[in-house]
Amino acid sequence: MTASMQPAKPDRPFAWLERRLDEADQQGMRRRLVPRQMDGPYLLEGDRRLANFGANDYLGIAMDSSSATGSDERGETPATFGSGAAASPLVCGFTPLHARLCGELAHLEQVESVVLFPSGFAACSGVVATLPEAGDLVLSDALNHASLIDGCRLSKATRFIYPHCDHRAVGSLLAAHRKRFDRVFIVTDSIFSMDGTRAPLVALADLADEYKATLIVDEAHGTGVLGHRGGGLCEELGVEGRIAIRIGTLSKAVGAQGGFVAGPQVVTDYLLQRARPLIYSTAASPATIAAALDGLRIIREEPERRRRVLDLSGRLIEELNRQLPAKRRIVDHGTPIIPVVIGEASKTVETAGRLADAGFYVPAIRPPTVPPNQSRLRISLSAAHTDEMLTELCETLRTFGL
Ligand SMILES: Cc1ncc(COP(=O)(O)O)c(C=O)c1O
């Protein structure tokens, strides 16, 4: 048995990653992030100013300071942020601003460490493709986001798909198969993007404890919206300390772009060595990172925004249910995603077109994004919607018989 095949000790579930990082250290192969700030054709690295021959900014546009400006988040100095990072994080795309965002996200998530990815999709697919290996098992919710599904497809681990949100099915699969596999990962969205449903995270965390499995949760639609601090569904349910690996996106509630993985230092260090979408893709641009820092500030300082969007969601569902027949009533999951299931794809598209004619953009979601005959209008709410906008939408849907 090689060192990496020894079962993890319960108190150190990522001992296998620690061993691999030690090996990389010994071989001089360990990658580390160094914050470096572009300054025209130079790089500022700590006290040093280095002529930069590492960026892919071939035309010098990324650091054209007129292309994107912003104010320093702490208001100390005016700052100019480049429109492009010009290289992957391990080359010179990781700036002090990226480092600051990692720190703030780690605080929001109450974790040891955060590593950034160029998008939420890259974070989800990267984590699931990297951590589970041949000889491991991944249990994946049937309605997981495409990015998690692609991660499963790229991984060499065995994959079982369990019925949507069915933690009992997860329990049965674990009881039947746990012993056959080195490591087991349970992978789930926290809020499902096309249904607004919530994953049964408490029950899944219990199962993960019982069967020594690792729970990986994609908080794409939870970050900033749920929880007292805006830490997502994990925070709201009080299970953040029990879910070692959480994925988030900066492109939804945070209002910018990019993705992140939050968890123990050993996990983010390992991803930095092995997660291909992180290593081989240009880092999110400094301008985007500045926007994300500002988004986090708003999430911290204006909790009324999350109260407002959830309040609007409750009110809209109540209103819609008043006009819908019992069998088509919408379940209130306490999320800003409200599916109005119509069924047939053509009818759904036609209804979306009529809504647009009436002044409302509500996307029609069809297969393969949702199962056949479950096409739907997907209403996504925002704290910026006014009460009048909601009332008018309800009235219009009513005139359509919805
Ligand atoms: C559940 C879920 N995970 C991940 C993603 C990907 O995030 P991003 O848009 O930042 O790539 C999305 C975006 O649609 C999503 O809905």
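Being a predicted model, the structure only gives us computed values, none of them experimental. Numbering of ligands and ligand atoms starts at 1, following listing order.
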Original post:
Is there a donor in the side chain of Q323 and an acceptor in the side chain of R398, or the other way round, less than 3.5 Å apart?
Top reply: yes
Original post:
So does R30 have more than 12 non-hydrogen atoms from other groups sitting under 6.0 Å from CZ?
Top reply: yes
Original post:
Among all residues two or more places apart in sequence or in another chain, which pass the side chain to side chain donor-acceptor pair (under 3.5 Å) test with D209?
Top reply: R242
Pairs under 3.5 angstrom, nitrogen or oxygen on both sides, ligand 1 versus protein: list them out, please.
| from | atom 1 | to | atom 2 | distance (Å) |
| --- | --- | --- | --- | --- |
| ligand 1 | 3 (N) | D218 | OD2 | 2.6 |
| ligand 1 | 9 (O) | S251 | OG | 3.3 |
| ligand 1 | 10 (O) | G120 | N | 2.9 |
| ligand 1 | 10 (O) | T249 | OG1 | 2.6 |
| ligand 1 | 10 (O) | S251 | OG | 2.9 |
| ligand 1 | 11 (O) | G120 | N | 3.2 |
| ligand 1 | 11 (O) | F121 | N | 2.8 |
| ligand 1 | 14 (O) | H145 | NE2 | 3.4 |
| ligand 1 | 14 (O) | K252 | NZ | 2.9 |
| ligand 1 | 16 (O) | H221 | NE2 | 2.6 |

Original post:
With a cut-off of under 6.0 Å to the ring centre and 45° to the axis, is R354 in cation-pi contact with F400?
Top reply: yes
Original post:
Can you tell which of E236, E109, E235, E104 makes a salt bridge (charged side-chain N to carboxylate O under 4.0 Å, His left out) with R229?
Top reply: E235
Original post:
Within the distance-only criterion (no hydrogens, no angle test), does the side chain of T188 pair as donor or acceptor with the backbone N or O of D141 below 3.5 angstrom?
Top reply: no
